[in-house]
Number of protein chains: 2
Amino acid sequence: MTTAADERLAGALRAAGHRVTSQRLVLHRVLTDLGRHASAEEIARESAARLPGLSLPTVYATLELFERLGLVRRVDAGGPAALFDPRTESHAHFACRCCGAVLDLDAPVDAGGAEAAARAAGAEPAVVDVVVSGRCAACRAGD
Amino acid sequence: MTTAADERLAGALRAAGHRVTSQRLVLHRVLTDLGRHASAEEIARESAARLPGLSLPTVYATLELFERLGLVRRVDAGGPAALFDPRTESHAHFACRCCGAVLDLDAPVDAGGAEAAARAAGAEPAVVDVVVSGRCAACRAGD
DNA sequence: CTTTTTGCAAATGATTTGCATTAAC
DNA sequence: GTTAATGCAAATCATTTGCAAAAAG
């Protein structure tokens, strides 16, 4: 069956001159269903369960494509692997230095000053990433 | 000769129960002289020029130690290698998606809301990293 | 049919680790 | 003298690349 989200993805792909493949549809569904940031590895595992044979290079290439299309945001939260976040509205992340956990922070961050400074330097700002690091609740309790 | 900065480093190291080594002194001087973020590789190259034989694993270990002591901040600006910044006061960075250049943005960012959200989640926030991405002046002009 | 996309295997490159040696204290 | 710190070589691991086969338009 084809969902409305599938149609939207197909439209976005065609509009940008890309082909609609089952790999892209599955990856997009996995991201949507997940609704949360995840590493390429996690996304690949979940996707391979739905589309056996799906390869990691394809996962990376597709995530990069999705990022260019504005469908996911790559988040570098300090851990060894990058995270890919289907929540594209601007939101901050908290990264625990002890256990590496990353959680969403639903709070507005006014980075207008930084964007203005970037423009003043002649640059064209597109995205602002805010990562708060520290110790998460679990690590403060346990340890 | 021993500078005032050397003395300060030695004091900070001893206070934390660490030894004062020539490698640590040299790396600290290189960071101070540089005054700007740089990759471990760059820092190692510059440092090896002053202390032949200095190894990369030592550079990484020392930078990690300095980070724990609050003497440098590790900045993950999306590129393949992490950057280490001797400017420890809070400041944002701009990362160019085309050429990978990273520049300092001297503009205040109010991340109070994000920190409050982290505390509300039971976490203990310590550092806030703000990275603005886009196209730098050179890439906008050239290309 | 033509061109993009995929999967596979192998390469890359930053960072880390194990371990014997050296240097701080 | 003890113990932490270093250097070396090798390992790890996320990510990328080259290329032939498969699939989309």
Side-chain angles (χ1 to χ4, degrees), chain A residues 2 6-7 9-28 37-45 47-48 50-69 72 74-84 95 97 100 102, chain B residues 2 6-7 9-28 30 37-45 47-48 50-69 72 74-84 97 100 102:
Chain A
T2 300
D6 287 345
E7 297 294 356
L9 173 63
L13 286 172
R14 291 209 188 84
H18 295 288
R19 295 183 178 176
V20 180
T21 67
S22 44
Q23 289 83 348
R24 289 171 179 170
L25 285 167
V26 166
L27 279 161
H28 187 247
H37 48 252
S39 67
E41 195 85 38
E42 290 177 84
I43 293 166
R45 204 177 320 122
S47 303
R50 305 195 196 182
L51 185 66
L54 184 92
S55 72
L56 256 174
T58 297
V59 172
Y60 278 104
T62 305
L63 288 171
E64 190 191 328
L65 173 62
F66 284 0
E67 195 193 12
R68 259 181 286 130
L69 296 180
V72 284
R74 172 181 263 134
V75 179
D76 228 322
L83 298 178
F84 296 85
R97 290 172 162 177
V102 175
Chain B
T2 303
D6 287 346
E7 296 294 355
L9 172 63
L13 285 171
R14 291 208 188 85
H18 296 289
R19 296 181 180 179
V20 180
T21 67
S22 45
Q23 288 83 350
R24 288 171 180 172
L25 285 167
V26 165
L27 279 162
H28 187 248
V30 166
H37 49 250
S39 68
E41 196 85 38
E42 290 177 85
I43 293 165
R45 205 177 317 121
S47 303
R50 305 195 197 182
L51 186 66
L54 183 89
S55 71
L56 256 174
T58 296
V59 171
Y60 277 105
T62 305
L63 288 171
E64 190 191 329
L65 173 62
F66 285 179
E67 195 193 12
R68 259 181 286 129
L69 297 179
V72 284
R74 171 182 263 135
V75 178
D76 230 320
L83 298 178
F84 296 86
R97 288 172 162 175
V102 176

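Hydrogens, waters and symmetry mates play no part in the numbers below; they use all other heavy atoms, side chains included. Each chain gets a letter, A, B and so on, in the order the sequences are listed, and its residues count up from 1.
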Query raised in the report: Hey, what bend do you get for the helix from C:dC1-D:dG25 to C:dC25-D:dG1 if you fit axes on five pairs at each end, rounded to 10°?
Result: 40°
Report task. Grab the CZ-P distance between B:R24 and D:dA4 for me, whole Å please. Result -> 11 Å
Query raised in the report: With sugar-phosphate meaning primed atoms plus P, OP1 and OP2, does B:P80 contact a base, only sugar-phosphate, or nothing at under 4.0 Å between heavy atoms?
Result: sugar-phosphate
Query - B:E64 CD to D:dT6 C1', straight-line distance once rounded to whole Å - result: 15 Å
Query raised in the report: Just by protein heavy atoms under 4.0 Å, how would nucleotides 20-25 of chain D read 5' to 3' in B, S and -?
Result: ---BBS
Requested in this report: Looking only at non-hydrogen atoms, find the nearest pair between A:V102 and A:A77 and report the distance.
Outcome: CG2-CB, 3.8 Å
Query raised in the report: Under 4.0 Å between a side-chain N or O of B:T58 and OP1 or OP2 of D:dT6?
Result: no
Query raised in the report: Can a side chain N or O of A:Y60 be found less than 4.0 Å away from OP1 or OP2 on D:dT15?
Result: yes
Query raised in the report: Separation of B:H28 atom NE2 from D:dA5 atom P, in whole Å?
Result: 17 Å
Report summary line: Note: chain A reaches DNA chain C at heavy-atom distances under 4.0 Å over the stretch, first to last nt, 5' to 3', of C:dT3 to C:dA9
Requested in this report: Mind calculating the distance between CD (A:E41) and P (D:dT15) to the nearest angstrom?
Outcome: 9 Å
Query raised in the report: In whole angstrom, what separates A:L63's CG from D:dT16's P?
Result: 10 Å
Query raised in the report: CZ/A:R14 to CG/A:L9 distance, rounded to the nearest 0.5 angstrom?
Result: 9.5 Å
Query raised in the report: Which is true for A:A82 with a 4.0 Å heavy-atom rule: it touches a base, it touches only sugar-phosphate, or it touches nothing?
Result: sugar-phosphate
